[in-house]
Amino acid sequence: MPPQSTLNVFSALDNAKTQLYHFTAIVIAGMGFFTDAYDLFCITAVTKLIGRLYYTDPTSSKPGKLPDNINNAVTGVALCGTLTGQLFFGWLGDRLGRKKVYGITLVTMVGCALASGFSLGASANAVIGSLCFFRFWLGFGIGGDYPLSAVIMSEYANRRTRGGFIAAVFAMQGVGILVAGAVSMFVSKMFLLGLGDPAPSYTSDPIGSTQRQGDYVWRIILMFGAVPAAMTYYWRMKMPETARFTALVEGDHKKAASDMAKVLETDMTDMPDTQTKSVPDTTRTTTQYKLFSRAFFARHGLHLLGTSSTWFLLDIAFYSNNLTQKDLYPATGLLPKAESMNAIEEVFRISKSMFLVALFGTVPGYWFTVFLIDRIGRFVIQLGGFLLMSLFMAIIGFRYSDLRGHTCGSKTGFCDGKPMLFAALYALTFFFANFGPNSTTFIVPAEIFPARFRSTCHGISAAAGKAGAIVGAFWVQSYTLDGDAKKIKKAMIGLSVVNFLGFLFTFLVPETKGRSLEEISGEDGGDGGGSGEEDEMKVNEEMV
């Protein structure tokens, strides 16, 4: 069990009033997630443009598009990098410390976002190969931000509002998706206005409809991802190491108290032993077992299975929805047929659709989680989110033909459907993903594992999620690329089943609301785990 002086520091953190530094930490960590989401999802707005620029056949009746394998590679390669980065930086964060690794991830993101825009080559395949190379390493940097941001915020936060603070960091992902649509809209609109006379549609002029200036559009959109990351670097480097890592992993209890006294409005001067000498490292007595040892699996094996499996299943559905939305927009009435637009106009309209779905479906769900998670708990939100996602995707799947309508010569290509109902159901899948498992799968792994394994286990859980995202990008997405109603129907029904499996695996994950990190993980000398109902009652009594 940690010495009393260390427990006093942790108690001060757990009971500290919400103050400026908490919000500063949310912004610093959240800007990383803003950048992560922007970089991962802005590609959705430009893949069709890249297809027109490099793979157009003027003799075809339809605009050029990326071949299926190349489309999957362009959208999915960053996810492969993210998976690798989550495992590597998660492990490194437990070895070198959260702060030391935090800056490395940001520099990687800035450099590779810029390099993505400079993807060059003498042929289409060379450009795509260069783009995939840089987006892999961009994803590698993004991957490190997942475990580090979550763990840093959980270790800084107080007990009563910890869930909301971590959720607020993650909610910046929604803002990043929203801004990805807004920036893509702005850039494409500026080019449309700057070019003067509008280019003809593909049907009117297959060659003239693909403006050569479009090659600048997608590059500028991708490169913008470097801006918010670069703006955050200085403040990340100013953050002190978390007290829990300093005390429980490094064993320097005096420095832990000193660092926290600098940033929190909490009096720590009267805590014994912290101001006069460093206390010997006795914290390892409760966590002396190694990662993946028999003792670890006895205490946390089911927890790790629960966090990894639910994140894996969630990301199959969540990333499939995000990456394939450009192919579903025509069916929802949000996007005209591709051949009725020129290349840059198509970017604008896809971006506008992305923006609207994010504004009314994606972003609100994140903030419902922020405001309600410490009231109703992680378990209920995750359980309900999975169940409702499963329900709405099942409705879309089984009623897809009725919702979309039959093919015809209309502006969208479909008639006699129910586009408003389709769009509402589609938006609800995003809402309950974010007011549900997309938020909670990020939060819980940052709470239930011991400090010396926390970043690693969060990285493993997140990597399992990205494995699910890769399934979505390389397999599920292939069902939507040609617009075949039967294939899309099968994909949506399959995703409904995936979400229901997530509902079942949620029962492996304990509730963490209202408890200290040390109590949840067993670092206070207890066994950890459990539901924590008694502790929640104590917290409620304190609040009253």
Side-chain angles (χ1 to χ4, degrees), residues 1-16 22 25 93-94 97-98 147 150-163 165-166 240-257 259-261 264 266 268 271-274 278-291 295-296 298-300 303-304 307 374 377-378 443-458 509-539 542:
M1 183 175 179
Q4 186 60 43
S5 58
T6 300
L7 294 178
N8 288 342
V9 174
F10 296 161
S11 178
L13 287 169
D14 285 333
N15 296 297
H22 287 124
D94 282 334
R98 289 56 160 135
V151 168
I152 285 172
M153 197 66 246
S154 73
E155 294 182 344
Y156 271 130
N158 61 53
R159 181 178 59 182
R160 293 180 182 176
T161 57
R162 184 178 63 238
F165 286 163
I166 305 173
E241 183 58 82
T242 70
R244 286 180 161 97
F245 179 84
T246 302
L248 293 174
V249 181
E250 294 184 329
D252 192 339
H253 312 283
K254 179 180 178 181
K255 188 174 187 301
D259 285 345
M260 290 305 98
L264 296 179
T266 304
M268 298 184 181
M271 294 181 183
D273 299 324
T274 60
S278 292
V279 180
D281 184 6
T282 60
T283 63
R284 298 177 186 263
T285 56
T286 60
T287 55
Q288 61 187 354
Y289 53 87
K290 295 181 179 180
L291 184 65
F296 172 85
R299 289 172 179 256
H300 300 291
H303 296 163
L304 187 58
T307 57
D374 288 310
R378 290 74 161 145
I443 294 166
V444 175
E447 299 179 307
I448 62 177
F449 300 105
R452 63 189 292 215
F453 305 140
R454 190 169 289 140
S455 181
T456 302
C457 290
H458 193 286
V509 182
E511 179 58 78
T512 58
K513 177 170 76 83
R515 293 191 289 162
S516 73
L517 296 177
E518 289 67 45
E519 182 184 353
I520 298 167
S521 65
E523 289 171 298
D524 64 348
D527 293 330
S531 64
E533 292 180 0
E534 294 180 3
D535 304 280
E536 291 174 28
M537 292 176 62
K538 290 178 184 178
V539 172
E542 292 172 5

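None of these values were measured; they are calculated from a predicted model.
A 4.5 Å side-chain heavy-atom check between Cys457 and Pro445 finds every atom pair outside the cut-off. Looking at Arg162 and Leu517, their side chains come closer than 4.5 Å, going by heavy atoms from C-beta outward.
In terms of heavy atoms, Ser154 sits closest to Ile166 at CB-CD1, 3.5 Å. Nearest heavy-atom pair, Ala446 versus Ala150, reported as atom, atom and distance to 0.1 Å: CB-O, 3.6 Å. Across every non-hydrogen atom of Asp94 and Phe245, the tightest pair is O-CE1, 3.7 Å. Counting all heavy atoms, side chain and backbone alike, Arg98 lies closest to Ser455 at NH1-CB, 4.0 Å.
To the nearest 0.5 Å, atom OG of residue Ser521 and atom NE2 of residue His300 are 6.0 Å apart. Here the CD-CD1 distance, from Glu511 to Ile448, works out to 11.0 Å after rounding to the nearest 0.5 Å. With rounding to the nearest 0.5 angstrom, the OG1 atom of Thr242 is 11.0 Å from the CE atom of Met153. Rounded to the nearest 0.5 angstrom, Asp252 CG and Glu241 CD are separated by 11.0 Å. Taken from CZ in Arg454 to CD1 in Ile152, the straight-line distance is 12.0 Å, to the nearest 0.5 Å.
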| said: side chain to side chain contact (heavy atoms under 4.5 Å, CB included) for Val444 and His303? Distances and angles first, verdict last. | reply: CA-CA 10 Å; Val444 175; His303 296 163; over 6 Å; no

| Which is it for Glu250 and Lys255 under the salt bridge (charged side-chain N to carboxylate O under 4.0 Å, His left out) test, yes or no, and what are the steps along the way? | CA-CA 10 Å; Glu250 294 184 329; Lys255 188 174 187 301; 6.0 Å; no

| said: What verdict does the salt bridge (charged side-chain N to carboxylate O under 4.0 Å, His left out) test give for Arg515 and Glu447, after you've listed the backbone C-alpha separation in whole Å, the side-chain angles of each residue and the deciding distance to 0.1 Å? | reply: CA-CA 9 Å; Arg515 293 191 289 162; Glu447 299 179 307; over 6 Å; no

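Between the side chains of Thr512 and Arg378, at least one donor-acceptor pair of N or O atoms lies under 3.5 Å.
Judged purely by atom type and a 3.5 angstrom limit, Thr246 has no side-chain atom pairing as donor or acceptor with the backbone of Ala243. In this structure, the side chain of Arg244 engages the main chain of Glu155 through a donor-acceptor pair within 3.5 Å.
Checking each of Leu304, Val249, Leu291 against Phe453 for a side chain to side chain contact (heavy atoms under 4.5 Å, CB included) leaves exactly one that passes, namely Leu291.
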